[in-house]
**Student:** 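Submitted below is the structure of interest, expressed as structure tokens.
Chain identifiers are assigned alphabetically (A, B, ...) following the order of the sequence lines, protein sequences preceding nucleic acid strands; residue numbering begins at 1 within each chain.
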Protein chains: 2
Amino acid sequence: MKKRATQADVAREAGLSVTTVSLVLNGRRNTRISEEAAERVREAAERLDYSPDPTARSLRTGRTRSLAFVSDGVTVTRYASAMIRGALDAAEERGYTVLMAEVGERPERLEKVVASMLERRVDGLLFGFMSARKVGLPALPRGKRTVLINGVADGLPAILPAEQDAGEAAVNRLLAAGHRRIAFIGRSERVLDPYLSATIPQRYAGIDAAMAAAGLDFAAEAEGHEWEPELGYRGTLRMLDDAASFTAILTANDRVAFGAYQALQERGLRVPHDVAVMSFDDEQLATYLHPPLTTMRLPYREMGALGARMLLDEEAPAPATLVPMPLVERGSVA
Amino acid sequence: MKKRATQADVAREAGLSVTTVSLVLNGRRNTRISEEAAERVREAAERLDYSPDPTARSLRTGRTRSLAFVSDGVTVTRYASAMIRGALDAAEERGYTVLMAEVGERPERLEKVVASMLERRVDGLLFGFMSARKVGLPALPRGKRTVLINGVADGLPAILPAEQDAGEAAVNRLLAAGHRRIAFIGRSERVLDPYLSATIPQRYAGIDAAMAAAGLDFAAEAEGHEWEPELGYRGTLRMLDDAASFTAILTANDRVAFGAYQALQERGLRVPHDVAVMSFDDEQLATYLHPPLTTMRLPYREMGALGARMLLDEEAPAPATLVPMPLVERGSVA
DNA sequence: CGTACCTGCTAAGTCGATTTATCAAAGACC
DNA sequence: GGTCTTTGATAAATCGACTTAGCAGGTACG
């Protein structure tokens, strides 16, 4: 196995000095190298299949062309892991490598993990979180570029889903289908704590704004902060038992919608004919249902990509950037 | 922002040479440094909060204490992404950093991605795949340690789920519950192609072996290679319509089981009272069902961790290592 | 007493790049 | 002809660690 060619090899091959080689290959201007010499360097590099050693370059320049992606637990999260893909793709486009680390259920590990990343001399830090909430982060050196994806921390640029718009769009979708008597499952005072969620209040606000704009109140509501199928199932049954009259259900997320489907089916009600269902998140689950679920997608991949771009493109980072949540039309609203 | 301390700073602080500092901090033996000098070095390092620069160290030693995790698309896969967590944790334990890259739907990108990782001088390559199948990989330099997780390639060590054992265990679980008339959904000739799946034949083999050992044939079967809810739904309805008599259904995976649940519910059959359901994979979905699904878990996280350990622990790598698939008891088998 | 051998430590070279400071030769100018 | 610029290139320093080869000074031995 032959060793890789170094700049010195290229210099020898071209009959020039390493200085010249370095200047040419880095495309430096105002450098008074003749075009003929430059061409000799490029040809020699080509012949030897030269590529610079990133380690040596980093040692000299202090920059590593790498960034850290630190998360709480997106890899083990049903759908948030797409955030990683977005960040990886955007980084690769720019020739950057991504160093990953996860702290799992132990936020106290953040400090050590971040320190280890800084030690590795990453050029920037990307933090990604499973659910959009306010987080505490260890002190970061000034000047080290940092972006939060799906999370909020004092003084750091953040990327979040545009929940208010999504709330309005969800209601408007139901209104557009002619629904006037709408039920809502999943309101809760508890999620107003920013450390539990930084975005759900916006979702509520959008929903309420759209309803108010249409001059409507919800025909029924089932409260609850544990957004699991059980809530959708019990909530739907309770509303039906209360003899509430509604033609559509808006659910807090897809898992709740799943529970609602089960309750509706038990009662012999068909989706979307008897009751339309509209939801948020777009988990994989949404495609399994019968009929598949119409829902507002959480744009994880886009958020990941945007985060990496903001970090690397050296633009003045906005304090908070909202990424649109697309309406995914599937058939549960008619 | 003060600069980091270097070895030279420590040497000055201790009143000794950098050579001594290096020898002491690397814990070299047979080096004839007095305990007193060593102590002075350690104290100086402590005072200055010194930690070695990995870039400089890598340049000199040729090793980076980093490994590449290259995958097809595990980040966007519902549950395989846990593989990443396993690898991250095992790497971190050993002081290694993980560089991630994904090629998505474009396997032709593998070559470029691997080249870029090798350029970064990773100490080893970990390949992770969404579904266990035979894969084509670019030529790798000899001597570069490589392990495949959930995939197979000629001449490279691989880590796979112990599907044969799992197949047997699944059938045995049903037998232990007293079932004798068992239906099976999801057999297919097509998945016998190793480029589609390297492990499903083992799953079938285990299932068939356990049935044969009990002297039983399946009471009914529904074939199909697209293991989505639709198959479970239609398959179950067809078997019921054929007046097949069975007390349990074994499904090829959880999504198929999900479809089976829907069909059973439509026909007024209760799980597990009327029909038990037993499955494979343990997707998140399995916990959403009513009752939650009993299934053989694909041990993604364990496979990821084992892969990283094999890569880093320099053991003689076995050509293929099988990781047990645990039985997750949830309530769909009584 | 002279040589050999420890002991404890360090000077200097190296890894592969980037960058600063110069240098030789040729041309410009008076 | 002598001085000043410009041109085209390079030697050497540097980044921060690891590693090889040695160097003083003391002790042991014949």
Side-chain angles (χ1 to χ4, degrees), chain A residues 2-45 48-66 95 118-123, chain B residues 2-45 48-66 95 118-123:
Chain A
K2 58 181 179 297
K3 268 191 306 196
R4 296 164 46 96
T6 73
Q7 223 170 53
D9 297 329
V10 176
R12 201 174 314 117
E13 174 86 5
L16 292 161
S17 72
V18 291
T19 307
T20 308
V21 173
S22 175
L23 293 175
V24 169
L25 295 182
N26 286 308
R28 301 285 290 263
R29 288 163 205 287
N30 310 329
T31 189
R32 299 201 306 252
I33 304 280
S34 67
E35 184 47 44
E36 185 254 331
E39 192 51 35
R40 279 206 344 256
V41 167
R42 281 190 287 265
E43 275 170 9
L48 297 181
D49 192 25
Y50 168 78
S51 73
D53 182 328
T55 311
R57 174 177 275 178
S58 295
L59 176 59
R60 184 64 236 246
T61 63
R63 303 191 316 106
T64 54
R65 294 192 80 74
S66 69
L118 291 175
E119 209 164 85
R120 294 257 176 185
R121 297 280 194 287
V122 293
D123 295 338
Chain B
K2 57 180 180 298
K3 269 190 304 196
R4 297 162 44 96
T6 74
Q7 225 171 51
D9 297 330
V10 176
R12 201 173 313 118
E13 173 87 5
L16 292 162
S17 71
V18 290
T19 307
T20 307
V21 173
S22 175
L23 293 176
V24 169
L25 294 183
N26 286 308
R28 301 284 290 261
R29 287 160 206 289
N30 311 328
T31 190
R32 300 199 306 253
I33 305 280
S34 68
E35 184 46 44
E36 188 253 329
E39 192 51 34
R40 267 183 23 234
V41 167
R42 282 189 286 266
E43 276 170 8
L48 298 180
D49 192 24
Y50 168 78
S51 72
D53 182 330
T55 311
R57 175 177 274 177
S58 295
L59 176 59
R60 184 63 238 250
T61 63
R63 304 194 314 108
T64 54
R65 295 191 80 76
S66 69
L118 291 175
E119 209 165 85
R120 294 257 175 185
R121 298 280 194 287
V122 294
D123 295 338

**Student:** Kindly point out which of C/dT18, C/dC9, C/dA12 is positioned nearest to the side chain of A/R57?
**Tutor:** C/dT18
**Student:** Do you see a donor-acceptor pair shorter than 3.5 Å between the side chains of A/S17 and A/T20?
**Tutor:** yes
**Student:** Does a side-chain N-to-carboxylate-O contact under 4.0 Å join B/E39 and B/R42?
**Tutor:** yes
**Student:** Using a 4.0 Å heavy-atom cut-off across all strands, classify A/R28 as base, sugar-phosphate, or nothing.
**Tutor:** sugar-phosphate
**Student:** Between A/S58 and A/R65, is any side-chain donor less than 3.5 angstrom from a side-chain acceptor?
**Tutor:** no
**Student:** OP1 or OP2 of C/dA17 less than 4.0 angstrom from a side-chain nitrogen or oxygen of A/T61, does that happen here?
**Tutor:** no
**Student:** From the 5' end of DNA chain D to its 3' end, which nucleotides mark the outer limits of contact with chain A, defined by a 4.0 Å heavy-atom distance cut-off (strictly under)?
**Tutor:** D/dT7 to D/dG16
**Student:** Are side-chain heavy atoms of B/V21 and B/Y50 found at a separation under 4.5 Å?
**Tutor:** no
**Student:** Taking only the side-chain nitrogens and oxygens of A/S22, find out if one of them lies under 4.0 Å from OP1 or OP2 of C/dA17.
**Tutor:** no
**Student:** Do we see a donor-acceptor contact under 3.5 Å between the side chains of A/R28 and A/S22?
**Tutor:** no
**Student:** Please classify the nucleic acid contact of B/S34 as base, sugar-phosphate, or nothing, using heavy-atom distances under 4.0 Å.
**Tutor:** sugar-phosphate
**Student:** Measure from CG on B/L59 to C1' on C/dA17 and round the result to the nearest Å.
**Tutor:** 8 Å
**Student:** Classify B/T6 by what it touches in the nucleic acid, base, sugar-phosphate, or nothing, heavy-atom distance under 4.0 Å.
**Tutor:** sugar-phosphate
